[in-house]
There are 2 protein chains.
Amino acid sequence: MAQKRVAVPVYYGIATDLRDAIESGELSPGELIPSEAQLCETYGVSRMTVRQGLNLLSEAGYINSVPGRGSFVVHPSYERVLIEVQPTRLPDGSLPDCLMLEIGFHRADSSVAQALDIDEGADVQVIRRVLGANGDPICFDRIFVPPDWDLNEIEEEAAPVAQFVSRLAEHPFLHVKLTIRGREAEPEAAAHLKLPEPPFAIHVEQQILSAEADPVAWAVSVFDPEGYRLKGEFGPVRRRL
Amino acid sequence: MAQKRVAVPVYYGIATDLRDAIESGELSPGELIPSEAQLCETYGVSRMTVRQGLNLLSEAGYINSVPGRGSFVVHPSYERVLIEVQPTRLPDGSLPDCLMLEIGFHRADSSVAQALDIDEGADVQVIRRVLGANGDPICFDRIFVPPDWDLNEIEEEAAPVAQFVSRLAEHPFLHVKLTIRGREAEPEAAAHLKLPEPPFAIHVEQQILSAEADPVAWAVSVFDPEGYRLKGEFGPVRRRL
DNA sequence: TAGTGGTCTAGACCACATA
DNA sequence: ATGTGGTCTAGACCACTAT
């Protein structure tokens, strides 16, 4: 009735009003927010409009709706964090530079064989590269992919590992399991990154899986801990379909 | 019309059908998916039902809708990752154990003063603790909070830093900026974690901000890189309201 | 001008929870 | 029995894009 087009949608206003009430402490975690019927009356809108607003709140992790009971303010979860694994843009807006060391065939050692679920000694293709910012090397990584992939069509050499693999894969929608470790870098990595002694570095290991959960690629990225920091913000769990 | 209640909702079926078409390569990134009107006809449902399905796909990061043009399959982004900063549950289901070393007042040194935007030498409260798994210490951290907070009402001693602070804060909906670094641990941390020489460790620094973006707490967690690994999965960017 | 997605209405039936 | 959220209908007007 009183909705202004061009301005913010009504449902968005409902969501932000409730968000503000939650963040200000007017509504505390565990409490019920007003029912959908009440909100319809308060705002003078239909139920679908109210539900659209509540959907935003729910997506953003503020409320949890329970059939037959109502919508509760959620205790915020701070267990999971969204981080950037690798900058596609440097702080000044430029792209990281990439030095391609090798694109070729190797035989899988035991760790690669295990990660890719193949036999030890089987053929794999390896991409080795050094990524840097303004001439300073900050990341050395090796990406292992199946021997039958065509690596001539690489477009973005400096792309993050999973993005890189995703572009090469036949079906680009992949799933990634990632581990971040701190440990001593092997001599090759230490040399490329010019690490001081002892050459300690952050290691990001990525196992990349197809939609059918078969491993399709494996990568280890070694970061110079002085030149690069993983930064993140808190976010909710991905809504998996 | 032909919808079966009790079974999966129609809109969910629409979403998963399209998801499968996208993941199988039937629909490629950059392509348009069928229009809402077409999907209404295909599935014999109303437009709101179709839109509910498309909303799921959009939330999950598969499509991007553009007014006046249509809904496009998105190039999957692999720049950001969802990780667990600290396990609330250990692999065997048990809770981490917590050794409280200190809850008391200190004077802010320069790094704390900067992080909390207060004067150097001002009073801060400090919580120092060691978290462990099955008796093995894996994390040593220090949490700096304002001097006027009441720390007698701590419930979950072993909670992740931000969760810990969130419970203490007047308004529990906080924003967190986080940095992960690899560097040498200071002697105290090295001793608590029984790190070998050189005592290298993963450092997680968390600056916790109020809804008004004022810093309210600051924490540094030192992880034993052998005893703990940050693990993550890829997810979409948080929908911020 | 025709088609698209964005917003919104005013209903409806259902399963579920509470009292 | 009442109230809640979950699902769904059959329309509507709008702004935007492409032709």
**Prompt:** If we only count heavy atoms from C-beta on, is the B:R181 to B:I202 side-chain gap below 4.5 Å?
**Reply:** no
**Message:** Does B:E31, at its CD atom, have more than 12 non-hydrogen atoms belonging to other residues, nucleotides or ligands within less than 6.0 Å?
**Reply:** yes
**Complete:** Rounded to whole Å, the CG-P distance (B:N64 to C:dT4) equals 17 Å
**Request:** Check the distance between D:dA15's P and B:E36's CD and give it to me in whole angstrom.
**Result:** 18 Å
**Prompt:** Between B:F173 and A:Y62, does the ring centroid distance fall short of 6.0 Å?
**Reply:** yes
**Complete:** B:F72 CZ to C:dG5 P, in whole Å, measures 9 Å
**Asked** OP1, OP2 of D:dG6 versus side-chain N and O of A:R51: anything below 4.0 Å?
**Response** yes
**Asked** Does NZ or CZ of B:R129 lie under 6.0 Å from the centre of the six-membered ring of B:F164, at an angle within 45° of the ring axis?
**Response** yes
**Message:** Could you tell me how far apart A:Q52 (CD) and C:dT9 (C1') are, to the nearest whole angstrom?
**Reply:** 12 Å
**Fill in**
Of C:dT7, C:dT9, D:dC8, the nucleotide closest to the side chain of B:V10 is D:dC8
**From D:dT9, D:dT7, C:dG6, nucleotide with atom closest to B:P9 side chain** = D:dT7
**Message:** Between C1' on D:dG6 and CZ on A:R47, what's the gap in Å once rounded to a whole number?
**Reply:** 7 Å
**Complete:** Against the side chain of B:Y11, the closest entry in D:dC8, D:dA10, C:dG5 is D:dC8
**Asked** A:T49 or A:G68: which one's nearest nucleotide on DNA chain C is closer to the 5' end?
**Response** A:T49
**Prompt:** Between D:dG11 atom P and A:M48 atom CE, what is the distance in whole Å?
**Reply:** 17 Å
**Message:** So, applying side chain to side chain contact (heavy atoms under 4.5 Å, CB included) with A:H203, which one of A:T179, A:V222, A:I180, A:D141 is it?
**Reply:** A:V222
**Message:** From CD of B:E41 over to P of D:dT9, roughly how many Å is that when rounded to an integer?
**Reply:** 14 Å
**Fill in**
From the candidates D:dA12, D:dT9, D:dG5, the one with an atom nearest any side-chain atom of B:V45 is D:dT9
**Length of the line joining B:I63:CD1 and C:dG6:C1', which is rounded to integer Å** = 13 Å
**Prompt:** Of all the choices, D:dT4, D:dG6, C:dG5, which nucleotide is nearest to the side chain of A:S35 once you look at every atom?
**Reply:** D:dT4
**Prompt:** Is the distance from OP1 or OP2 of C:dT18 to the nearest side-chain N or O of A:R69 less than 4.0 Å?
**Reply:** yes
